[in-house]
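Scroll down for the structure; my scribbles are underneath it.
Here, residue 1 is the first one in the sequence, and each next residue gets the next number.
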Amino acid sequence: MDVASSVQAALRMLEHAVPQVALLDVNLGRESSFPVADALLARGIPFVFATGYGEADAFPDRFRSSEVISKPYTMAEMRTALQRSMGQSRPPPPSTPRTEEPA
């Protein structure tokens, strides 16, 4: 897992590595993560927005249907949102019991 504390740092990271999925904090102080989301969208990389200020109402139209979780969120909420963003909202199939081979 990589962490970027600014839009520029995140965009630089995307030049060198392609994540499977990203979790984006909407409010990065004086900037928002929307430019990073645009870059991810252009590359076909799924992402989830995290917000603590009800900012989803002010999202640009192109992100209105994006996955959003509200702070504070649980690990389960984060995992579910990330899986949904990746198109894996179905639970994994039950594991099949192991059978022992005859001796």
Side-chain angles (χ1 to χ4, degrees):
M1 173 181 7
D2 293 318
V3 177
S5 59
S6 71
V7 169
Q8 289 306 314
L11 294 175
R12 277 194 304 273
M13 289 169 74
L14 285 174
E15 292 173 6
H16 302 287
V18 179
Q20 292 181 4
V21 65
L23 179 64
L24 303 175
D25 192 335
V26 174
N27 184 349
L28 300 174
R30 295 182 183 182
E31 54 188 353
S32 76
S33 61
F34 296 138
V36 179
D38 284 326
L40 293 167
L41 197 60
R43 290 169 171 83
I45 300 169
F47 57 88
V48 173
F49 286 115
T51 180
Y53 304 102
E55 295 154 329
D57 295 337
F59 279 17
D61 288 341
R62 65 190 179 281
F63 298 128
R64 298 258 177 187
S65 63
S66 298
E67 287 290 328
V68 179
I69 54 176
S70 296
K71 298 176 197 174
Y73 49 83
T74 65
M75 286 294 284
E77 291 168 328
M78 181 178 64
R79 182 175 36 253
T80 298
L82 291 168
Q83 288 173 335
R84 272 197 308 257
S85 75
M86 295 174 70
Q88 299 176 356
S89 58
R90 295 184 304 268
S95 59
T96 55
R98 288 181 56 171
T99 57
E100 294 184 28
E101 295 181 25

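- The shortest distance between side-chain heavy atoms of V68 and V26 does not fall below 4.5 Å.
- Once rounded to the nearest 0.5 Å, the distance linking OG1 of T80 with CE of M75 reads 11.0 Å.
- With contacts defined as side-chain heavy-atom distances shorter than 4.5 Å, the pair P46/L40 does not qualify.
- Ring geometry, F63 versus F34: the interplanar angle falls under 30°, so the pair is classed parallel (tilted spans 30 to 60°).
- How far CZ of R30 is from OG of S6: 13.0 Å, rounded to the nearest 0.5 Å.
- The line from OH of Y73 to OG1 of T51 is 10.5 Å long, rounded to the nearest 0.5 Å.
- Residues V36 and F47 have side chains not in contact (no heavy-atom distance under 4.5 Å, counting atoms from C-beta outward).
- Considering CZ of R62 and CZ of R64, their distance stands at 11.0 Å, rounded to 0.5 Å.
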(message) Applying side-chain contact (heavy atoms from CB on, under 4.5 Å) to I69 and L23, what does each step give before you reach the verdict?
(response) CA-CA 10 Å; I69 54 176; L23 179 64; 4.0 Å; yes
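- Rounded to the nearest 0.5 angstrom, E67 CD and Q83 CD are separated by 11.0 Å.
- With a 4.5 Å cut-off on side-chain heavy atoms, V48 and R84 do not count as touching.
- In this structure, D2 has no salt bridge (Lys or Arg N to Asp or Glu O under 4.0 Å) partners at least two apart in sequence or on a different chain.
- Here the side chain of E31 pairs a donor or acceptor atom with the backbone of V7 at under 3.5 angstrom.
- A search for salt bridge (Lys or Arg N to Asp or Glu O under 4.0 Å) contacts involving R79 returns nothing, not counting sequence neighbours.
- A pairwise comparison of heavy atoms in A4 and M13 identifies CB-SD, 3.5 Å as the closest pair.
- Put simply, the side chain of R43 does not reach to within 4.5 Å of the side chain of V18, judged on heavy atoms.
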